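A short write-up of the structure that comes next.
To find a chain, count down the sequence lines: A is the first, B the second, and so on, and within it residues start at 1. Note that the structure is a prediction, hence the values are computed from the model and not measured.
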There are 2 protein chains.
Amino acid sequence: MENPSGFLDALERAGYRLTEPRRLVAGLIAERAGHFTAADLVAAAQRRRAGIGRATIFRALELWLELGAVERIDLPSGQHAYVRCEPAHHHHVVCSECGRASEIDDVGLRAFVDAVARRTGYAIDTHRLELFGRCPACRSGSQRPARRTA
Amino acid sequence: MENPSGFLDALERAGYRLTEPRRLVAGLIAERAGHFTAADLVAAAQRRRAGIGRATIFRALELWLELGAVERIDLPSGQHAYVRCEPAHHHHVVCSECGRASEIDDVGLRAFVDAVARRTGYAIDTHRLELFGRCPACRSGSQRPARRTA
DNA sequence: GTAGATGCAAAACCTTTGCATTTTG
DNA sequence: CAAAATGCAAAGGTTTTGCATCTAC
């Protein structure tokens with residue numbers, strides 16, 4: 001759905017090797033529209049007999065996580081999932097129906113965080129926000145509840 | 001640190017039995033200042049040879065979670081943790097140093113969520129916000145970095 | 001050629017479940 | 001006394017690790 005080269009670039013820039021397994025995992029991620037779990041990728045890899053080990057997938061995700069190419073979120077169900085992300089933004093709205101994720105900018109949120117800091121006296125240095133709802137597409141084709149991604 | 005009767009009341013109100021193990025777990029939770037993990041409780045129970053099984057602790061947490069007596073949050077590290085909470089509020093600032101958690105109200109956040117909904121076209125029905133930073137106490141006694149809770 | 005990356009299988013975790021036994025109301 | 005709750009140990013599920021082998025640079 002979107003091209004995987006961002007992931008490969010990130011690796012290259014950070015001095016990691018561009019290996020075949022990593023290209024494949026990047027490809028798998030690229031063809032996912034919304035969020036996905038490590039298990040999704042493992043299953044997809046097996047389905048197409050890519051010969052990539054579970055460990056490789058986890059290691060690649062870990063790498064991209066630390067490079068800021070993906071973000072890890074926690075679904076309300078408690079499962080872990082990942083979404084692709086541009087290094088600068090760090091929040092998403094995730095569609096609870098189709099799993100598609102959209103990035104949102106911090107405007108306004110920053111103000112809120114500052115207000116909380118002022119009210120509570122905490123020196124806030126991190127925050128995580130996850131929003132869940134139905135995306136415009138799923139809302140319009142409201143009839144049949146589309147496939148669940150997670 | 002705070003009394004455990006809220007937990008027991010919640011059980012009673014919901015028609016669950018007030019058992020000895022549940023009293024003990026409530027006590028363990030009550031003496032924790034901030035967030036805690038299931039593992040924390042299991043360890044504490046074993047340390048004092050309370051004879052409470054792992055399963056009982058998980059089952060009790062599950063119960064309180066659904067009764068709204070605790071909320072489950074996910075630390076930046078990816079670990080699961082719980083915090084006590086008043087049924088009406090649903091966000092916390094967690095001190096990354098001592099683990100103490102303070103509740104915050106939604107004023108302002110609601111406005112932000114609405115703005116996102118408007119901008120993205122999503123019908124947002126859930127959101128999770130977790131804030132992390134250093135609490136006033138830890139900031140003042142800035143010298144030695146206090147114990148880590150998680 | 002060599003450091004880095006991989007695959008496999010085992011290990012380590014954390015959480016849940018089945019079931020015989022105990023406890024609460 | 002019956003229904004609910006418990007403890008134990010075993011099962012489930014996910015993520016990590018050790019290590020011999022392979023591969024990108």
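Helix bend of the helix from C/dG1-D/dC25 to C/dG25-D/dC1: the angle between its two end axes, each built from five pairs, comes to 40° after rounding to 10°.
The closest donor-acceptor contact from the side chain of A/R119 to the backbone of A/D114 lies at 3.5 Å or more, if one exists at all. Looking at A/R134, its side chain does come within 3.5 Å of a backbone N or O of A/C138 through a donor-acceptor pair.
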Tell me which donor-acceptor pairs under 3.5 Å the side chains of residues 7-18 of chain B have, and how far apart each pair is, sequence neighbours excluded?
{"residue": "B/Y16", "atom": "OH", "partner": "B/E66", "partner atom": "OE2", "Å": "3.3"}

For a quick test of your reading: what N or O donor-acceptor pairs under 3.5 Å do the side chains of residues 45-59 of chain A make, sequence neighbours left out?
{"residue": "A/R48", "atom": "NH1", "partner": "A/E31", "partner atom": "OE2", "Å": "3.4"}
{"residue": "A/R48", "atom": "NH2", "partner": "A/E31", "partner atom": "OE2", "Å": "2.7"}
{"residue": "A/R49", "atom": "NH1", "partner": "A/R47", "partner atom": "O", "Å": "3.3"}

Exercise. Tell me, for nucleotides 20-25 of chain D in 5' to 3' order, what letter each nucleotide earns: B for a base near a protein heavy atom under 4.0 Å, S for only sugar-phosphate near one, - for neither?
Worked result: ---BBS
Exercise. What string of B, S and - do you get for nucleotides 16-22 of chain C, 5' to 3', when a contact is any protein heavy atom under 4.0 Å?
Worked result: BBB----
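Taken from CD1 in B/I124 to SG in A/C95, the straight-line distance is 11.0 Å, to the nearest 0.5 Å. To the nearest 0.5 Å, atom CZ of residue A/F36 and atom CD1 of residue A/I29 are 4.0 Å apart. Between the CZ atom in B/R84 and the CD atom in B/E71 there is a gap of 13.5 Å [rounded to 0.5 Å].
Computed from coordinates, the B/L61 CG to D/dA5 C1' distance equals 15 Å when rounded to whole Å. In this structure, CG of B/D40 is placed 15 Å from C1' of C/dC13, rounded to the nearest angstrom. The distance between atom CZ of A/R49 and atom C1' of C/dG7, rounded to the nearest whole Å, is 17 Å. In this entry the distance linking CD1 of A/I57 with C1' of D/dG13 reads 16 Å, nearest Å.
Residue pairs meeting the salt bridge (Lys or Arg N to Asp or Glu O under 4.0 Å) criterion with at least one partner in residues 18-30 of chain B, sequence neighbours excluded, are B/E20-B/R23.
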Problem set entry | Worked check of side-chain contact (heavy atoms from CB on, under 4.5 Å) between A/V93 and B/V116 | CA-CA 9 Å; A/V93 213; B/V116 170; 4.2 Å; yes
Exercise. Would A/L129 and B/F112 count as a side-chain contact (heavy atoms from CB on, under 4.5 Å) if you check the C-alpha gap in whole Å, the side-chain angles of each, and the deciding distance to 0.1 Å?
Worked result: CA-CA 11 Å; A/L129 173 66; B/F112 173 72; 3.5 Å; yes
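Scanning for side-chain hydrogen bond (donor to acceptor under 3.5 Å, both in side chains) contacts around B/S102 gives A/Y122, with sequence neighbours left out.
For A/T56, no side-chain nitrogen or oxygen approaches OP1 or OP2 of C/dT6 to under 4.0 Å.
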